Each structure stands twice: as C-alpha cells, then as structure tokens.
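One structure is given below, encoded as structure tokens.
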Amino acid sequence: MTTVLKLGGSVITDKSAPETVDADALAAAATAVTAGATDPAGELVVVHGGGSFGHHHAAEHGVSATEGTDDAATVREIHDAMGRLNAAVLDALGERGVPALPVRPLSAAARDEDSTLTLATTAVERQLGEGFCPVLHGDVVVHEGAGATILSGDEIVAALARSLSVDRVGLCSTVPGVLDADGDVVERVERFADVAEAVGASDATDVTGGMAGKVRTLLDLPVPASVFGSAALRGFLDGDRPGTLVAGPNVEE
Ligand code: IP8
C-alpha cells in the first residue's frame, strides 16, 4: 500500500516573503503525517512544492516549465533554494519520528525535447522497501534543447503514480478542493471540460499554472487523486477521500 502526498508550496511557506517557511503550517502537516493511519515508514512518499523558495528564484531569472536556462549558476541557485526548503520539511518530519530521506529530482530526472519526463524511481522504491519515507520536491530539471526548466511537484507526483505501484494520491493545497464558479467544492472531476470554465483554460504544457494545470496532470493518472485543503490532511491519511476526487479515463475503479 503506497500513498503519494503532495504538500503544496503555498501550504508550507509564506509566499509573500522570499525563502520563508510557514513554520506553524509545516508543523501541523508533519504532525498530521505522524498521526494518520498511513504508516509514513515505508508506505508514504512525500512531494513538496516550491512556494517562496523555488518560485522566487525561478521568477527572478525568468525560468519556467517552458522557458529554460543554460546558466549552471542559475540552475544551482534554484536547486539550492529547494534544498533549503527540503531540509526544513525533512527536519519537521524527522523531529516527529518520521524516517524521512531526501530524493532530489535534478539528479534523478530529465526531460526530452518534447517535454516528456523520465524520473528514475529505484531510490524511492528502495527507500520505501527499507522502511524510509522518501521526500521529493519540485525542482529544476535538465531539458533537452532548453538547458534546464522547472519541474513542478505535481509532475513528480504524476511520474511516481505511473512508475510505482501507487494506491492513493493526495494533493494538499490552500483551497479545500477544485472549486466551481460559485466557489463550492466540486466532488468529482472526470473530464477537464467539467471544470474548464471554473478553473480557467490553460495550456496543456503549463503544468505550474495553478488549478487548471493541476487538474490536467491528475486527469492523466492511472489512480484517482484527491485535492483537498490542509484541514483535511489528517482525514486523507486516515483513508478518507476529502475535497475533490479527480478520476480521469485511465482510472480503473
Ligand atoms: O510548486 C515548483 O514546484 P511546484 C518548483 O510544485 C520550483 O510547482 C523549483 C519552482
């Protein structure tokens, strides 16, 4: 039984100030991970987003999921910032007894010219097998013909759900789910058209483009994915399906 949990960067950082962890929110998330019914030792993979760490440096240098850089110092600057956030997440989990270990995507992933992502998952699988809790993060990734581009945590979640035997996927976000035009949580999304108007049209390659990009990425998965707010994190880890369930055509239920 493997669960992949994404902690949104906006959930665990203060996006209004560069490189600022939201210590209370991170502590609450880490506490939920230890208290939930999902065993973080060997059954849980955590992925976190960039928040005020990665996005701040990426924006400063004009690097995005589609606009690359061939400047190694810029790549390292973004990657190092994500390393600092990753260390904060590992500390918050480790202090609470979670056997959390880093897996850093820059060294495990690559993108082809057509943006197809390859993510080596042997380290993640082996860490799970030995009772650890792998913690990955949105990162920079070397991209054929473009230098290096931004790899979102959502894409990593999708790559993990495709290559590992994953039972449950959850995205903990700052909103309680995918919202309709009236601001109410949509219970289930099976086609992008169901929510296109409410989440706004987005280019399919714009994976860091808010809820639209998130929904598109999740609709491709072979397992259903829940999108929920931080108040529902514990419930998700206890086995509930809070917020919105995104279940695309590849899901066999
Ligand atoms: O917050 C972005 O990850 P996301 C990672 O999951 C960087 O989109 C480096 C900006």
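Scope of the values below: all heavy atoms of this structure, side chains included, with no hydrogens, waters or symmetry mates. These numbers were taken from a predicted model, which means no experiment stands behind them. Numbers here are sequence positions counted from 1. For ligands, and for the atoms within them, numbers begin at 1 and follow the listed sequence.
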Relative to the heavy atoms of [X], which atoms of ligand 1 are at a distance of less than 4.0 Å?
| X | answer |
| --- | --- |
| Met82 | 9 (C) |
| Gly49 | 1 (O), 4 (P), 6 (O) |
| Gly153 | 3 (O), 4 (P), 6 (O) |
| Ile78 | 9 (C) |
| Gly138 | 3 (O), 5 (C) |
| Lys6 | 6 (O) |
| Gly54 | 7 (C), 9 (C), 10 (C) |

Cluster question for you: counting only ILVMFWY and a side-chain heavy-atom cut-off of under 4.5 Å, with indirect links fine, are [X] and [Y] together?
| X | Y | answer |
| --- | --- | --- |
| Val11 | Leu5 | yes |
| Val47 | Leu233 | no |
| Val103 | Leu151 | yes |

Flag [X] as yes when one of its N or O atoms lies below 3.5 Å from any N or O atom of ligand 1, and as no otherwise.
| X | value |
| --- | --- |
| Ala58 | no |
| His55 | yes |
| Asp139 | no |

Would the number of heavy atoms belonging to other residues, nucleotides or ligands and lying under 6.0 Å from [atom1] of [X] be above 12?
| X | atom1 | value |
| --- | --- | --- |
| Asp70 | CG | no |
| Glu144 | CD | yes |
| Glu60 | CD | yes |

Item to check | Between CG on residue Leu117 and NE2 on residue His143, distance to nearest 0.5 Å | outcome: 10.0 Å

Next on the checklist: Would you compute the distance between atom NE2 of His55 and atom CD1 of Ile78 and round it to the nearest 0.5 angstrom?
Outcome noted: 10.5 Å

Item to check | ligand 1 versus His57: contacting region, heavy-atom distance under 4.0 Å | outcome: neither

Next on the checklist: Heavy atoms only, cut-off 4.0 Å: how does His137 contact ligand 1, side chain, backbone, both, or neither?
Outcome noted: neither

Item to check | Axial cation check for Phe53 ring with Arg84, 6.0 Å and 45° limits | outcome: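 The answer is no, since Arg84 fails at least one limit relative to Phe53.
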
Next on the checklist: Measuring from non-hydrogen atoms of Gly9 to any atom of ligand 1, is the shortest distance under 4.0 Å?
Outcome noted: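 Judged by the 4.0 Å heavy-atom criterion, Gly9 does not count as contacting ligand 1.
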
